[in-house]
Amino acid sequence: QSVLTQPPSASGTPGQRVTISCSGSSSNIGSNSVYWYQHLPETAPTLLIHRSNQRPSGVPDRFSGSKSGTSASLAISGLRSEDEADYYCAAWDDRLSGVVFGGGTKLTVL
Amino acid sequence: EVQLVESGGGSVQPGGSLRLSCAAGGFTFSSFWMHWVRLAPGRGLEWVSRIDGDGNTINYADSVKGRFTMSRDNARNSVFLQMNSLRPEDTAVYHCATDGGAAPEHWGQGTLVTV
């Protein structure tokens with residue numbers, strides 16, 4: 001049981017916009033930045049979004065993040081086949097004194 | 001370019017020990033917090049521990065507290081994870097990662113631990 005809650009799956013067709021939600025509490029998302037990662041099989045996870053809505057250099061602007069209260073979301077516009085991957089949200093948790101992750105969302109490009 | 005290379009994984013019996021290493025390069029190592037994160041088969045990412053640049057402050061997930069010890073050697077640009085009293089549920093790919101402000105930023109490819 002993950003501290004942050006994500007839908008287990010999401011899907012879309014090429015060119016579509018999809019969003020992935022991440023729900024937490026006042027001790028994590030409510031008081032700290034949210035991070036989003038993309039994980040392809042047999043590779044290292046890569047950071048897509050930090051500080052809730054900032055893209056590291058090299059991340060396409062098709063990826064965007066937002067946060068409101070104790071929830072956050074990742075949006076992917078202009079969906080491509082190479083976006084098919086697992087996506088995770090994360091945040092520091094003040095009560096647990098540790099990083100907490102969502103359970104991951106498997107994105108399928110139909 | 002940030003480089004992180006983990007080593008030390010392998011197969012061990014329950015109750016056994018392993019020591020993981022992570023060699024870092026491409027950044028000012030001693031200035032950065034570092035993390036260990038694991039990915040178990042069929043399960044999601046799970047944060048394990050983090051350590052500050054001086055090695056004086058270390059945090060652990062409750063699931064490993066008292067069994068795992070994280071350390072670093074800034075002269076060798078390396079972090080370590082000593083894992084004792086290993087359990088089958090510790091089976092996972094273990095990744096080291098740099099800190100991005102409050103959570104991991106750059107990740108290594110990982111090393112597989114099988115208990």
Side-chain angles (χ1 to χ4, degrees), chain A residues 1-9 20 22 24 27-59 65 67 72 85-106, chain B residues 1-7 9 22-27 32-52 57-66 68 70 81 89 92-112:
Chain A
Q1 193 84 359
S2 300
V3 174
L4 304 182
T5 302
Q6 297 180 235
S9 63
I20 298 171
C22 176
S27 64
N28 42 66
I29 293 178
S31 53
N32 295 297
S33 294
V34 179
Y35 293 67
W36 288 94
Y37 303 91
Q38 179 189 64
H39 187 221
L40 296 162
E42 310 300 324
T43 69
T46 57
L47 180 65
L48 288 176
I49 298 291
H50 61 158
R51 295 178 174 83
S52 304
N53 57 13
Q54 303 298 305
R55 279 186 309 276
S57 60
V59 174
K67 186 182 97 165
D86 293 327
Y87 292 84
Y88 294 88
C89 59
W92 180 260
D93 191 294
D94 294 329
R95 182 178 62 84
L96 297 174
S97 294
V99 178
V100 292
F101 283 93
T105 298
K106 185 175 184 60
Chain B
E1 181 188 353
V2 172
Q3 295 158 355
L4 299 167
V5 180
E6 302 91 339
S7 61
C22 171
F27 62 103
F32 283 79
W33 288 77
M34 296 291 293
H35 299 262
W36 285 100
V37 182
R38 64 187 182 185
L39 179 61
R43 292 160 57 182
L45 293 170
E46 181 186 13
W47 176 78
V48 173
S49 62
R50 73 166 188 172
I51 188 168
D52 74 344
T57 301
I58 310 171
N59 301 106
Y60 297 97
D62 288 343
S63 58
V64 306
K65 205 170 290 183
F68 290 12
M70 186 175 184
L81 187 67
E89 55 264 36
V93 175
Y94 285 73
H95 298 269
C96 69
T98 63
D99 182 70
E105 182 172 3
H106 300 285
W107 300 60
Q109 291 290 332
T111 186
L112 175 62

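Heavy-atom basis, side chains included; hydrogens, waters and symmetry copies ignored. Sequence lines set the chain letters: A, B, ... in the order given, protein chains first and strands last, and positions in each chain run from 1.
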- chain A contact via A102(B) - which portion, at a heavy-atom distance below 4.5 Å: both

- Give the member of S2(A), P45(A), A44(A), G102(A) that has the highest number of heavy-atom pairs under 4.5 Å with chain B. P45(A)

- Query: Counting heavy-atom pairs under 4.5 Å to chain B, which of P56(A), S97(A), A91(A) comes out on top?
  - Reply: S97(A)

- Query: With a 4.5 angstrom heavy-atom cut-off, which part of L4(B) approaches chain A: side chain, backbone, both or neither?
  - Reply: neither

- Item | Side chain / backbone / both / neither for S33(A) at chain B, heavy atoms under 4.5 Å | neither

- Note on the structure: What one should report as the nearest heavy-atom pair of E42(A) and Q109(B) is O-OE1, 4.0 Å

- Task: Kindly indicate whether the side chain of H39(A), heavy atoms from C-beta on, has any atom under 4.5 Å from the side chain of W107(B).
- Result: no

- Under the side chain to side chain contact (heavy atoms under 4.5 Å, CB included) rule, what do V99(A) and H35(B) come out as? Steps first, then yes or no, please. CA-CA 10 Å; V99(A) 178; H35(B) 299 262; 3.9 Å; yes

- Query: With only heavy atoms counted, which part of V37(B) is less than 4.5 Å from chain A, the side chain, the backbone, both or neither?
  - Reply: side chain

- Message: Please find the pair of heavy atoms, one from G100(B) and one from R51(A), that lie closest to each other, and give the distance.
- Response: O-NH1, 3.8 Å

- Message: Working note: N59(B) + W92(A), criterion side chain to side chain contact (heavy atoms under 4.5 Å, CB included); need CA distance, chi angles, decisive distance, verdict.
- Response: CA-CA 12 Å; N59(B) 301 106; W92(A) 180 260; 3.9 Å; yes

- Message: Tell me if a side-chain donor or acceptor on Y37(A) pairs with a main-chain N or O of L45(B) at a distance below 3.5 Å.
- Response: no

- Message: Is the shortest side-chain heavy-atom distance between L39(B) and Y88(A) below 4.5 Å?
- Response: yes

